[in-house]
Each structure stands twice: as C-alpha cells, then as structure tokens.
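Quick caveat: nothing in here was measured; it's all calculated off a predicted structure. Each chain gets a letter, A, B and so on, in the order its sequence line appears, and its residues count up from 1.
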Number of protein chains: 2
Amino acid sequence: MQRQKGVALWRQIADRIRANIAEGFYEASGMVPPETQLAEEFGVNRHTVRAAISALAQEGIVRAVQGRGTLIERRDKFAFPIGRRTRFTQGIGDQARDIRGYLLGSEEEVASADLCSWLKLEVGTRVIRIDAMRQADGRALSRSTAWFPADRFRGIDEAFRATESITKALALLGVPDYLRDVTEISAVHAEPDDVAQMGLTPGSIVLVTKALNTDADGVPIQYAVTRFPADRVQFTIRS
Amino acid sequence: MQRQKGVALWRQIADRIRANIAEGFYEASGMVPPETQLAEEFGVNRHTVRAAISALAQEGIVRAVQGRGTLIERRDKFAFPIGRRTRFTQGIGDQARDIRGYLLGSEEEVASADLCSWLKLEVGTRVIRIDAMRQADGRALSRSTAWFPADRFRGIDEAFRATESITKALALLGVPDYLRDVTEISAVHAEPDDVAQMGLTPGSIVLVTKALNTDADGVPIQYAVTRFPADRVQFTIRS
DNA sequence: CGCGATTTGTTCGTATGTATC
DNA sequence: GGATACATACGAACAAATCGC
C-alpha cells in the first residue's frame, strides 16, 4: 500500500476492502481476513487496519466479532440495464422486493440554455422540474432531477407523487410509451447533498447519468440527471 | 463544506472545483473565483482553498497567477461512445491529435471459471491475456486487460504490438468485423497501480468497463476489463 | 505616470488528526 | 496505551503582482 497525500491511509484501505468485498474476493470464507494478515498485506500497522474495518462496520458492510473474525454482511450490487427501453422500476424489479420513488419537490421554471438544447426547445420555454429519490429495500438507489416541457406535461409532479413512477405518470398524461435516446455516464465524488440524502459515506463515488427520453415520434419529452451510489449500482448496456 | 473524516478537506474542495470546471461552471470568466470567495463559499480557511488549487495546478487543470487570479488550463473530457460497433481509437479519434496503444505484456494462460462463462468456453481452455494502456495526447486514457481464445487468436499479442490497435490486430487474424455484445460499467477508487501507471491523483475515481465482443456470427472472441480515469472520460450510449 | 483595489504568495503561530513504534 | 513525527486546518498579518482609473 502506497503512501498518498490527502486521503487517510485507513480510508484507502477501507476503500480497497470494500471493493474486494464487492467483487466477491472473500466469498469463499464469507469473511474478511484477520487484521494481522491485512496489516501485513497492505504494509501498515494493525491500528490502521482496525480504523478501516471500524469504518466499514459503521457502513454496515462488515461486522467484527471478537474471537471469530470480521463477517461480511452484504455485498450485493444492483445491475441497472440501459437501453432503448430503459425503465427504472422495471430494470431492477426482480432484484429487490420493495422499490419506492419519492417526490422530493417540483417546480415550474424557465429552461436553461443547456436544457433547451437537450429538449430542443425555444429559449425561454417553461419546464417542470421534478426532484425525486428512489429506494430499494430501504437503501437509497438514486437521486434524480428531471425536466419536462411545462405546456405538455403540466400536472406530472402530482401524477408522479401518486404513482411513484415516471412511466406511469407519463402514461396518465397521454404518453403510453417512450424511448431512451442517449445516455451519458460519468463519475464524481459524492457531494454533501449525496452524503446526506442517500446515506453515503464521505469521499465515496457517485455515478452520474444524463439521459434524454423521447416519445414514440422522436420528440424529446424528458431530460434527467440521476446520481447513483457507485457501490450499490452497476450499469449494463446490451448492444 | 462538510467536515468529513478520512478525506482531507483540501482534497474534497479540489474534487468539487475540478467537477465544476469539467461541467463548464466557470466558463464565462475562464477562471476560478478568487481564493477568498471560494473560502467563504466552502466555509473554510483560505489556506485550505490554496491547498486545493495547488493540487489542481499540479494536475495541470488550473494555473494561478499572482495579481490576476487562477486561470483554467484544461476542462476537456473525452466522450467515449458505447454501442454495437464500439471501437477504441475510432471513438475518440477526432477528440485527440495523438492516440497510442502500448502493449504492457501478454501471456497464455488457462481461463478462469468466470472468464469461461463470458467467452462460452469449456473449463480448462487456454486463452491469451493482453495488458495494454492507451494514451491520448500524452495523457493516459485507459488501462485494459483483454482475453482471447488462444487456439483461434495465437499471435494477437504481436499483432497488437505492431498495429497498436485491437481492431487491426483482429483483422490481421481473420476477423474483419466484430460487435459489442454487452458492456458493464461501474466505478471504484483508483488502486495504487492506477495511480502509478496512469498518473492519477490518490483517491481519484476510476470507471471500470467489462465488455464482451463477438464476431459477425455472434461467437464470443474477446472479453476485456478496462479502467478509465473518471475525470478524463465520460461514456455516451446512443440507444 | 501613480494610486488604490483586487488577488495570489508567504510567514508566523496554534490546535487537531493521522500513523508508527 | 503512551510517545513521537508528520499532515491537516485555522487565524492573522504582510508582501508582491496585476488591473483599471
């Protein structure tokens, strides 16, 4: 393990152990190797490894039991498919028992220049913004901001609040089907808002998608920016 | 700015400024706001902001000039398209002047169980592993490990070393065309190897793709794991 | 040209966090 | 657990460069 500035050693080690768990590295035993072994492996003091494990225990990823070892509590990642018919709830429907969508807030506003170019709107057109969060089995899965042309989709906020689904809300407003046109994927460090709202750990990673959906005629109807915790989600693109 | 343990404050702030620059947040002025303003904005001491800016200057993203301010040097991100005909060099060909592929090493080995299921091989089949790195205009863009069935693609390592391109190497071995079947995308913290080989900063983010390519008949020919620096790359999926 | 306002660069000191032994 | 070394963060001042008037 390499000494690096700006990130505490114990956090670097916590990140690597977390990644190892996510990749099923310790699957055989179902537990993390002993602290002394990890300390030697990473070339650090055992105190440092203990700090890392303590942080992981705080996250609920592992549980240290005196005399037995450090047990792995959960290591499941949701696979989120992206394609022409990308649907949030449907995509991960069989991977979780309980999927919920919460309306955090909504507002009608004037579209920004950037948004206008995405939705192909005249400058100054009004749009409805919907801030939402989605949970699967009690764990936050995403935080999204979506914009819809206001004149066509007035009332979509209430429809979403009632149905907890964009697909169903759009159906209520006369769009029975829609298609994913383009998806951009990038990754950034979690912002304080991510940490607070999705229960992430500081310094963790957030996958960001920017997506454009169109109706069956190819007319843009929704532009959305969605933030996913990288340790709970991976994307799958079938070409 | 929220105080968080394990990650230095100056690093959190550097991450946020870097993200802001990448999103074109400061585009109007072409420079980052004054240190005093940033300090107030993030609720930290000016020293801390200076440490963050110093790190960004080290990366070549900004340049601080006494009396003038902090100029933005670079805010380009490569857009890497993913689709049925995903090609590395072709995808970013018009975004960089000089794209190179280096063969780091290659070896013939027995395929792991996981790899066998991806490539639809019998257990125990031999494969050729190719470790490669790609640079665009001198900056590391990716680090990949690819596996090919050994009996069909013997000599592909030499072909890749000569052509610096998987596409051309496959063509030399009788595969004029191939198609991307599935791509998985996830994100992790940079490992020490990433930091060393791609010149990343500690604690930064790496986007990981796992991809399966097939020949025109749908027979799997290549499985590859590729690691991209998240601050230099974003993916685009056209559905 | 000088002047002040703005902005980065530097140097003290002090307190706390991190990592090792 | 205690001692030690180093990194991190804050605060207050002052120096030096740039710009507009």
Scan nucleotides 10-14 of chain C against the protein and return all N/O pairs shorter than 3.5 Å with their distances rounded to 0.1 Å.
{"from": "dT11(C)", "atom 1": "O4", "to": "His47(B)", "atom 2": "NE2", "distance (Å)": "3.2"}

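Applying the side-chain hydrogen bond (donor to acceptor under 3.5 Å, both in side chains) rule to Thr183(A) yields the partners Arg180(A); only residues at least two apart in sequence or on another chain are considered. Under the salt bridge (Lys or Arg N to Asp or Glu O under 4.0 Å) criterion, Glu40(A) pairs with no residue, sequence neighbours left out. Here Arg238(B) pairs with nothing under the salt bridge (Lys or Arg N to Asp or Glu O under 4.0 Å) rule; sequence neighbours left out. For Thr86(A), the side-chain hydrogen bond (donor to acceptor under 3.5 Å, both in side chains) criterion is met by no residue, not counting sequence neighbours. Applying the side-chain hydrogen bond (donor to acceptor under 3.5 Å, both in side chains) test to Arg18(A) and every residue at least two apart in sequence or in another chain returns Asp15(A), Glu59(A). Every residue meeting the salt bridge (Lys or Arg N to Asp or Glu O under 4.0 Å) condition with Glu109(B), not counting sequence neighbours, appears here in chain and number order: Arg129(B). By the salt bridge (Lys or Arg N to Asp or Glu O under 4.0 Å) test, Arg100(B) is found to be paired with Glu164(B), residues two or more places apart in sequence or in another chain being considered.
If you take CG of Leu9(A) and C1' of dA19(C), they are 7 Å apart, rounded to a whole angstrom. The CZ-C1' distance, from Phe42(A) to dT20(C), rounds to 18 Å in whole Å. Summarising the geometry, the separation between CD1 on Ile13(A) and C1' on dT18(C) is reported as 12 Å, rounded to the nearest angstrom.
Sequence neighbours left out, the pairs with a member in residues 109-145 of chain A that pass ring pair (Phe, Tyr, Trp, His ring centres under 6.0 Å) are Trp118(A)-Tyr223(A).
Of the residues in residues 53-63 of chain B, not one places a heavy atom less than 4.0 Å from an atom of DNA chain C.
Remark: Arg134(A) fails to qualify as a cation-pi partner of Tyr102(A) under the 6.0 Å distance and 45° angle criteria applied to the six-membered ring.
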Name every donor-acceptor pair, under 3.5 Å, that has one atom in a side chain of residues 29-36 of chain B and the other anywhere in the protein, sequence neighbours excluded.
{"from": "Ser29(B)", "atom 1": "OG", "to": "Tyr26(B)", "atom 2": "O", "distance (Å)": "3.4"}
{"from": "Ser29(B)", "atom 1": "OG", "to": "Met31(B)", "atom 2": "N", "distance (Å)": "3.4"}
{"from": "Ser29(B)", "atom 1": "OG", "to": "Met31(B)", "atom 2": "O", "distance (Å)": "3.0"}
{"from": "Glu35(B)", "atom 1": "OE1", "to": "Arg46(B)", "atom 2": "NH1", "distance (Å)": "2.4"}
{"from": "Glu35(B)", "atom 1": "OE1", "to": "Arg50(B)", "atom 2": "NH1", "distance (Å)": "3.4"}
{"from": "Glu35(B)", "atom 1": "OE2", "to": "Arg50(B)", "atom 2": "NH1", "distance (Å)": "3.0"}

Quick tally for nucleotides 1-7 of chain C: nucleotides whose base has a protein heavy atom under 4.0 Å get B, sugar-phosphate-only ones S, the rest -, giving ------B
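Side-chain nitrogen and oxygen atoms of Asn45(B) include none within less than 4.0 Å of the OP1 or OP2 phosphate oxygen of dA9(D).
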